[in-house]
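The sequence lines fix the lettering, A, B, ..., with proteins before strands; numbering per chain opens at 1. Remember, it's a predicted structure, so these values are computed and weren't measured experimentally.
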Amino acid sequence: MAGKSLKGGSSLWPMKAPHALLLQGVALLIGGLVIGWFAQNAASNLARRSMELDFGFLGSVAGFSMPFQILSFAPTDTYFLALVTAFANTLLVSALGVITATVLGLGLGVLRLSRNWLLSTVSGAIIELVRNTPQLLQIVFWYVGVLQLLPLARQSLPFGDVAFLNIRGLFLPAPVGGPWSSALIIAFFASLALVPLARRYLAPESRRSGLFWLAPPLLLLALVLSIDGWSLPALKGFNFVGGMVLPPELVALWAGLSLYTAAFIAEIVRASVETIGKGQVEAAHSLGLKPWLTLRLVVLPQALRLMIPQMTNQYLNLIKSSSLGAAIAYPEIVQIFAGTVLNQSGRAIEVMVIVMGVFLIINLAASAALAQLNERVALKER
Amino acid sequence: MTKARRTLLKTMALLAGGVLISTSAMAQSIPAPGPTVEAIKKRGELNCGVDAGIPGFAFQDASGAWKGFDVDYCKALAAAVLGDPAKVKYVGTTAKVRFTVLQSGEIDVLVRDSTLTFARDIDLGLTEVAVNFYAGQGFMVRKSLGVNSAAELNGATMCMLTGATLELNIADFARSKGTTINSLLFEKSEEAFAAAESGRCDGYSDDTGSLAAARSTMKVPDDWMILPEVISKEPLGIHTRDGDYRWSDIVFWVDAGLKTAEEFGITKENVDEKKGSNDPFVRRLLGLEGDFGKKLGLDNEAFARAIKAVGNYGQIYDASFGPKGLGLPRGINNLWNQGGLHYPLPFR
C-alpha cells in the first residue's frame, strides 16, 4: 500500500490502476467521438455547399513569378512547385534566423551578466528595447527605416567592381557551376549527414572512424575545383544583372527575427546562468580559474542544459513568425501560398490546410530534434 | 390498418415525394423569385458582400455608414427586392475570403470590385452576373526612368499589393513579350508605396482606377507618370452562387435597369415624372407595362424603386468616381452610345 501511494503520489490525480484505465478509456472514446463529429460536420457542410476538398489544383500551372528564390521557379511551373519553392524560402530565413538569434542571444546574455557596467547596461538596454516593441514593427523598421536608405541602383556602393550594395540588395559574384557541380553539392550535404551515422553504426569502436570526417572537406575542395568561372554583377537597364543577390526583404526579415528572438534568448541565458549555484562559481575561482574560464568551463555547460527546453519555444516562435515576411514582400509560404495561390485558385480551405500542415511539420520536426538533444544532455540520475 | 402497414405506406409516400422532388430538380426549374429571395424576404435584409475598404468602391465614413459605388448596387438590390434601400447588412470581405463567404451562404451577393473570370465561374461554382465597372491593370513609374511604354520595362521591378491577380497579369504580360518583370508583393499599401517611393521598385502597378489614387499619395505626384498601356482586362462585377438562377436573373436585370435608366434619361430625381412618358422602354422599366417585375417574382415597381434609391448608372458612377469623388474620367465606363462599353440588354 505504501509503495502504491508513493508511486501515485507524483501524478496529478492518484488512483488505482483499473479505475484509471477505465476512465482513460472513456475519455479517449469521448475525445474520439467529438473529433469524429467535427470532421463529419465539416465534410457534410462542405458537401451541402457543393465545395468538396480537392487538391488537384496543385498540378495546375502557377503563372506568376517570384522575386527571390533559392530553388528555381518559373511562371510555367505548377502550384506544387510554388509551394516547395516558398517552403524553401521559409526554411532559409528560419534557419538563418535560428543561427544568428542563438549566437546573438548568447552574446547579449553573457554581456548582460558582465561585471563591466557599460557592457551590461548597453546589453540590458538593447534587450529591453527589443523585447518590448512589436515584432512586426521591428521588421518593417529594418525594411523601411534602415534598408530603404541605401542608394539607388545607379548610385550603388561598389566593392572593388565585383560586389555592389544598393537599395535592391547586395549583389555578389556567383560561381558558375561546371558539369559536376550539382552532383558534388548533393554529395557534400549527404556526407555531412552520413558521416556521423556511419561512425555510429558501421565502426562504433574503431578509433580510426574519425578519418570519415575527411570526406566532407575533400568533397568541398572538389566542388570548389569544379567551378567553371564567376558571373559578375553588372548594371544593365533598370538593375544589376548576373551574379547573385541578397535582397533587402530577406535581410530585413532575418534581422527582425534574429534580434527579437535574441533578446528573449539573452534573458533565458541570464536566468539559466543565475540558477547555477554560487558555490560552483566560488569553487571554480578557488581552483584559480579566471572569470572567463569559469564561465566557459563550469557555468555555461550546466546552464546550456537548462536552457534547451526554453530555447525550443523560442525557435518554434521564430519559425512561425517568419510568416511576418508577408508584410515586407519576402516570398515565404504564407505570402506565396496562402496569398497568391489561394487567391488565384480560390481553394481557400485546401490552401489553409496545406499551410497549417507545413508549419506543423516544420515545428514538430524542430521540436522533436530539440527534445532528443535535451534527452541527451539532461542530467542522468543513476 | 396495422402499424407495420401504415409505416410501409408512409415510406412509399415519402419515396414518391422524393422522386417527384428529384425529377423537378433535374428539370432545373425553380419557381420565381427563387429560394434566395425568399430567404432575404424572411430575414428582412439583404446580406451584401462588399470590399472591406477601398475608396470609390466601398468604405465606411467617419460615422460608420457604408459608402461607394458597390455599396450603391447593394442598396439598389435591396430597394428592388425588399422595397427599402436601408435594409442591407454589409459584409466587408478581404480578397482572400470573398468567394468562400459567398460559397458558404453567408452573403447573398458579392459586389466587391472583383474581376469576373473563367476560374471563378467554373472552378468556384459561382455565377458571373454582370460587369459594373470596366478596369484594367496599368503601371505607374518615375518620370526620371525615361520609360514611355510598358514594353520597355524588361528587367524592371514593380511593387504591388497581394490578394488580387496583379502578379499573374504581370507574369503573363512579360511572358507574352518574352521579357521579365519582377513583382514585389506587399500586404498593405503603406509599405508598397514606401518601397516604390524609396526606389526599391521601379514603379507601382494596380488597376487603372486605383493608380490615379496611388499617384496622388506620392510625395511629389508630378515625378510619376502612368504608362498608357493597360496590360489586362479587369471586368469588375457582381458574383452570385450557382444553384439559384432566379436570383442571378434578378441581379442581372437590376444592373441592366440602372444602365437603361441612364440611357433613357431617368434619374433619381425625375423617376416619378417619367411615369407619364410615352416611351415603351421607359414604361416597361418603370412597371407600367409588360409586368417585367412580376415575371422576376418581384413587383412591377421594383426597378423604379431601385432607381429612386440610388439613381441611374451614371449617377452612381459620378457619386463615387466623378469630379466630386475620385475624379476618374468615365472612359470605357460610359454607355455604348457615349463611346463606352456598357450596353444593357433591352427591356422587351
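- Taking the side chain as every heavy atom from C-beta outward, B/R98 and A/N343 approach each other to under 4.5 Å.
- Of the atoms belonging to B/E152, it is backbone heavy atoms, and not side-chain ones, that fall under 4.5 Å from chain A.
- What you find for B/L124 and A/S345 is that their closest heavy atoms are CD2-O, 3.7 Å.
- Summarising the local packing, CH2 of A/W142 is surrounded by 12 or fewer heavy atoms from other residues, nucleotides or ligands at distances under 6.0 Å.
- Chain A forms the most heavy-atom pairs under 4.5 Å with one residue out of B/D172, B/L153, B/I170, and that residue is B/L153.
- Atoms CG and OG1, on B/L185 and A/T340 in that order, are 5.0 Å from each other to the nearest 0.5 Å.
- Heavy atoms of B/A195 lying under 4.5 Å from chain A belong to its backbone as well as its side chain.
- Smallest separation of non-hydrogen atoms from A/Q344 and B/T165: CG-CG2, 4.2 Å.
- B/V97 does not touch chain A: none of its heavy atoms, backbone or side chain, sits under 4.5 Å away.
- Your options are A/A338, A/A326, A/A62, and the one with the most heavy-atom pairs under 4.5 Å with chain B is A/A326.
- Per-residue heavy-atom pair counts under 4.5 Å with chain A were compared for B/S183, B/A119, B/G125, and the maximum is reached by B/S183.
- Among A/G169, A/P331, A/P248, the residue with the largest count of heavy-atom pairs under 4.5 Å with chain B is A/P248.
- The 12-atom threshold is not exceeded at CZ of A/F80, counting heavy atoms of other residues, nucleotides or ligands nearer than 6.0 Å.
- The shortest side-chain heavy-atom distance between A/F238 and B/L145 falls under the 4.5 Å cut-off.
- Of all non-hydrogen atoms in A/V144 and B/A194, the two that sit nearest each other are CG1-CB, 4.3 Å.
- Other residues, nucleotides and ligands contribute only 12 or fewer heavy atoms inside 6.0 Å of the NZ atom of B/K188.
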>> Set out, in order, the CA-CA distance, both residues' side-chain angles and the distance that settles side-chain hydrogen bond (donor to acceptor under 3.5 Å, both in side chains) for B/R200 and A/N166, then state yes or no.
In response: CA-CA 9 Å; B/R200 172 68 185 94; A/N166 63 41; over 6 Å; no

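- Put simply, the side chain of A/I328 does not reach to within 4.5 Å of the side chain of B/E187, judged on heavy atoms.
- Highest contact tally toward chain B, considering only A/A348, A/P151, A/A327, A/P247, is held by A/A327 [criterion: heavy-atom pairs under 4.5 Å].
- Nearest heavy-atom pair across B/D123 and A/R347 is O-NH2, 3.7 Å.
- Atom CG of B/L184 is separated from atom OH of A/Y330 by 12.5 Å, given to the nearest 0.5 angstrom.
- Looking at B/N154, the atoms closer than 4.5 Å to chain A (heavy atoms on both sides) all sit in the backbone: N, CA, C or O.
- There is no side-chain donor-acceptor pair under 3.5 Å between A/S65 and B/E167.
- Atom CE of A/M356 is surrounded by 12 or fewer heavy atoms from other residues, nucleotides or ligands within 6.0 Å.
- No more than 12 heavy atoms of other residues, nucleotides or ligands shown are found within 6.0 angstrom of CG on A/D161.
- Residues A/R168 and B/C201 share a closest heavy-atom pair of NH2-C, 3.7 Å.
- Contacts between A/Y143 and chain B at a heavy-atom distance below 4.5 Å involve the side chain alone, from C-beta outward.
- Highest contact tally toward chain B, considering only A/V351, A/L152, A/I336, is held by A/L152 [criterion: heavy-atom pairs under 4.5 Å].
- Of the listed residues B/G243, B/A171, B/S198, the one with more heavy-atom pairs under 4.5 angstrom with chain A than any other is B/S198.
- Nearest heavy-atom pair, B/R175 versus A/P75, reported as atom, atom and distance to 0.1 Å: CD-CB, 3.8 Å.
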